[in-house]
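Here is the structure we will look at.
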Amino acid sequence: MAAYGAATSLKITIQRILQSSRISLVSPSLQILLTAYEEMDQLQKVLLKLDDTSCSKIRTKVNAADERIKEAVWEFEDLLESHVLHHILPQLESERDHLSFSVDLQSLQHRVDSFIEKMKMMEEEYTNEMDNLPEEEGEPVFSRIDFGGIKSKMVGLSDEFEKARDFLLEENNNNNYSIIGMAGIGKTTLAKHIFEDPSIRSHFKFRAWVKVGRKCEYDELLRCILAQVDPNAYQMLTQGDDDEELVGLLKERLKDKKCLIVLDDVWEIQVTNRLTSCLQEKNIAGRIRFLLTSRQEIVYERDGYERVRLLNEEESKELLGEKVFGEEGFPPQLEELGEKIAKKCEGLPLMIVTIAELLSKADKTQESWTEALKQQSSVFMDAYNQISEVLFPSYDYLPQHLKMFFLYMGAFPPYIDIRPILINNLLSAEGFLEPIEEESFEDFSETCSENLSLWYHLVLDGSDSWLSAKRYRVHSCWQHLCKVEASKIKFQHVLQSCDEVTEDQRRLCAHCHTLFAFKEVYDSIKSDCASTARALLCFGPYHQYPIPIHVMGFKLLRVLDVGKVRFYHIPTEISKLVYLQYLALTCTGDLLPSISNLCFDICVISL
């Protein structure tokens with residue numbers, strides 16, 4: 001899942017070497033680099049084809065091929081940058097000033113040829129796996145139409161409920177209604193309460209509920225609806241009945257009848273579009289209404305819609321209390337702790353309900369609940385891990401160019417706002433932003449952020465969240481998923497204890513800077529990943545003592561953000577980080593003149 005980001009990074013690495021005013025390439029180095037650049041451009045095109053495949057396809061083998069490609073690209077990028085560094089450092093360390101650094105890549109010709117040959121073979125393998133993606137197994141009709149009933153009252157969202165219900169009850173209105181929002185936010189619960197509302201039941205002669213999901217064919221939808229509006233006709237069907245026969249039976253049954261059809265958890269709009277246009281022809285217009293729920297923005301002109309908001313603090317507390325203790329809510333001795341636990345769930349109903357299930361199985365004491373509130377508590381970690389299974393498909397089926405952008409969010413501590421300018425600068429420095437045509441880095445970053453927020457509902461928008469008035473904020477559930485997934489694929493690792501394995505991690509993040517006071521931590525970093533790490537990000541609270549970055553052996557850093565750490569003087573090792581694109585630090589001393597020797601043009605310094 002990281003191969004596209006790796007290819008983009010390598011392309012931009014090559015581009016920076018070619019465009020650097022400080023690097024003078026010895027012939028035939030230019031052609032060697034261009035050959036590798038063109039191969040990465042071709043690789044990107046191959047990888048982007050996955051975005052056009054159906055969400056119903058199982059991507060296990062393609063993801064494994066993606067992982068192998070990523071490793072090969074990273075290995076070559078390490079080789080290339082280390083080779084260039086090997087040429088530059090002796091010149092940088094000489095006594096005389098250098099306006100430019102001579103770099104000869106001729107000895108890499110054979111390695112580049114081998115790399116390109118390997119890439120072509122891997123592209124062929126990837127394409128073959130993509131062309132033969134297995135389909136998810138379809139669910140039987142009875143499980144798709146199993147409404148499941150309403151197990152508890154709906155907490156909050158009364159305004160949203162009334163808006164949707166009233167829209168569907170409007171006479172002479174044949175428009176549909178969409179309920180959209182992030183996974184776990186309560187879309188299905190809201191739809192169920194609308195579906196079961198007495199006024200809806202009396203208004204519509206027929207009602208049908210279909211769980212769509214990632215895998216649902218057109219004929220399956222037709223059969224699911226027919227099974228609910230005319231069970232007798234459905235029992236007479238055979239597998240050989242074609243779509244036209246099914247449509248004919250449905251139209252005959254629904255003629256002159258009002259019917260509400262709920263399509264729950266829609267992933268791909270093409271099939272549902274075919275269904276709605278077929279059943280909303282002029283002869284039955286205004287009588288059949290559709291209510292859709294989706295994680296993605298599936299709103300069309302004139303249709304009604306609701307972006308489901310997070311629960312506010314009071315609603316969160318009410319839902320948690322009800323799930324743990326029933327209608328009576330929290331006992332007095334646990335009310336304050338319950339309120340704090342509910343607030344930590346950040347208004348996501350799925351998180352609140354999952355936490356409630358775990359609390360219900362544990363001792364209901366002040367000591368137990370105080371423990372649950374601690375950072376990295378087992379209760380919250382267990383809840384995050386459980387709901388990650390529900391959340392993960394939203395990430396897995398993101399477009400390729402958004403995956404690394406989103407995973408980077410895991411570098412930040414939970415429960416904080418992320419400054420837009422910071423994420424833009426970091427991603428630009430890292431080489432993950434590749435604007436289209438004349439678009440600027442800022443505009444491209446803004447577009448990515450808007451897509452993650454407004455289309456995929458993965459970034460919280462301050463306009464509909466009580467958590468933040470700013471645009472960049474990621475729910476702690478999503479940050480946990482990003483953190484775990486990024487560490488798993490070696491893209492990025494957040495240090496949390498002294499005994500963690502950091503082997504081959506591409507980026508290191510710290511939310512607790514005192515970890516660097518432990519010798520085993522920086523020894524581990526030095527031996528396991530410092531020589532190939534591209535970023536060190538210190539995003540914890542302000543720390544008044546320097547961190548020993550000078551003993552870790554970083555060589556290829558592009559990003560060094562230690563702005564939350566106070567330095568008495570700037571470590572001289574920084575002037576040897578020739579690939580540095582972004583530097584943030586706090587220092588009481590003067591800048592090193594040698595910083596001006598860095599080879600690349602973008603360097604942000606915060607003092």
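Checked options H493, E430, E77, Q492; the residue passing with R506 is E77 (criterion: side-chain hydrogen bond (donor to acceptor under 3.5 Å, both in side chains)). Between V212 and the choices L263, V262, V271, the side-chain contact (heavy atoms from CB on, under 4.5 Å) rule is met once, by L263.
Side-chain contact between C477 and L348 is present, with at least one heavy-atom pair separated by less than 4.5 Å.
For the residue pair Q376 and Q496, a side-chain donor N or O sits within less than 3.5 Å of a side-chain acceptor on the partner. Side-chain contact, E357 with Q386: no donor N or O sits under 3.5 Å from an acceptor N or O. For E135 and S56, the side-chain atoms include at least one donor-acceptor pair closer than 3.5 Å. Side chains of S497 and E500: a donor-acceptor N/O pair is present below 3.5 angstrom, by distance only. Judged purely by distance below 3.5 Å, without hydrogens or angles, the side chains of D382 and S378 never pair a donor atom with an acceptor atom.
Aromatic pair Y522/F516: centroids not less than 6.0 angstrom apart. For Y395 and W478, the ring centers are positioned 6.0 Å apart or more.
Side-chain atoms of T502 never come within 3.5 Å of backbone atoms of Q505 as a donor-acceptor pair (strictly under, hydrogens ignored). Within the 3.5 Å criterion, the main-chain N or O of I547 finds no donor-acceptor partner in the side chain of H513. Using a distance-only test at 3.5 Å, with no hydrogens or angles considered, no donor-acceptor pair links the side chain of D396 to the main chain of F392. A donor-acceptor distance shorter than 3.5 angstrom exists from the side chain of Q479 to the backbone of F412, with no hydrogens or angles considered. Listed for the Q400 side chain is a donor-acceptor partner under 3.5 Å among the backbone atoms of L47. Remark: side-chain polar atoms of S388 are not paired, donor with acceptor, to backbone N or O of L481 under 3.5 angstrom. Checking side-chain atoms of R558 against main-chain N and O of Y579 turns up no donor-acceptor pair under 3.5 Å. Listed for the T293 side chain is a donor-acceptor partner under 3.5 Å among the backbone atoms of D265.
The environment of K526 atom NZ is sparse: at most 12 non-hydrogen atoms of other residues, nucleotides or ligands sit within 6.0 angstrom. R111 CZ: 12 or fewer foreign heavy atoms inside a 6.0 Å radius. In M121, the CE atom is not crowded: 12 or fewer heavy atoms of neighbouring residues, nucleotides or ligands sit closer than 6.0 Å. Counted within 6.0 Å of CD on E137, heavy atoms from surrounding residues, nucleotides or ligands total 12 or fewer; the atom is thus considered open. Annotation for Y305: atom OH does not count as buried by contact number, only 12 or fewer foreign heavy atoms lying within 6.0 Å.
Shown here are the ring pair (Phe, Tyr, Trp, His ring centres under 6.0 Å) partners of W74, two or more places apart in sequence or in another chain: there are none. Residues forming a ring pair (Phe, Tyr, Trp, His ring centres under 6.0 Å) with F491 (at least two apart in sequence, or on another chain): F432. Residues satisfying the ring pair (Phe, Tyr, Trp, His ring centres under 6.0 Å) criterion with F380, sequence neighbours excluded, are absent altogether. Under the ring pair (Phe, Tyr, Trp, His ring centres under 6.0 Å) criterion, H480 pairs with Y384, not counting sequence neighbours.
The residues R534 and D78 are annotated as salt-bridged, a charged nitrogen and a carboxylate oxygen being separated by less than 4.0 angstrom. With respect to E306 and K187, no salt bridge is recorded, no charged nitrogen being found less than 4.0 Å from a carboxylate O. Looking at E71 and K490, no side-chain N of the basic residue comes within less than 4.0 Å of a carboxylate O on the acidic one, giving no salt bridge. The pair R473-D417 meets the salt-bridge criterion, with a side-chain N (NZ, NE, NH1 or NH2) lying under 4.0 Å from an Asp/Glu carboxylate O. K215 and E217 are joined by a salt bridge, as a carboxylate oxygen and a charged side-chain nitrogen come within less than 4.0 angstrom of each other.
Residue pairs meeting the salt bridge (charged side-chain N to carboxylate O under 4.0 Å, His left out) criterion with at least one partner in residues 30-44, sequence neighbours excluded, are K11-D41, E39-K120, D41-K45. Applying the ring pair (Phe, Tyr, Trp, His ring centres under 6.0 Å) test to pairs two or more places apart or on separate chains, none has a residue in residues 43-67.
Ring geometry for F444 versus H401: interplanar angle of 30 to 60°, hence tilted.
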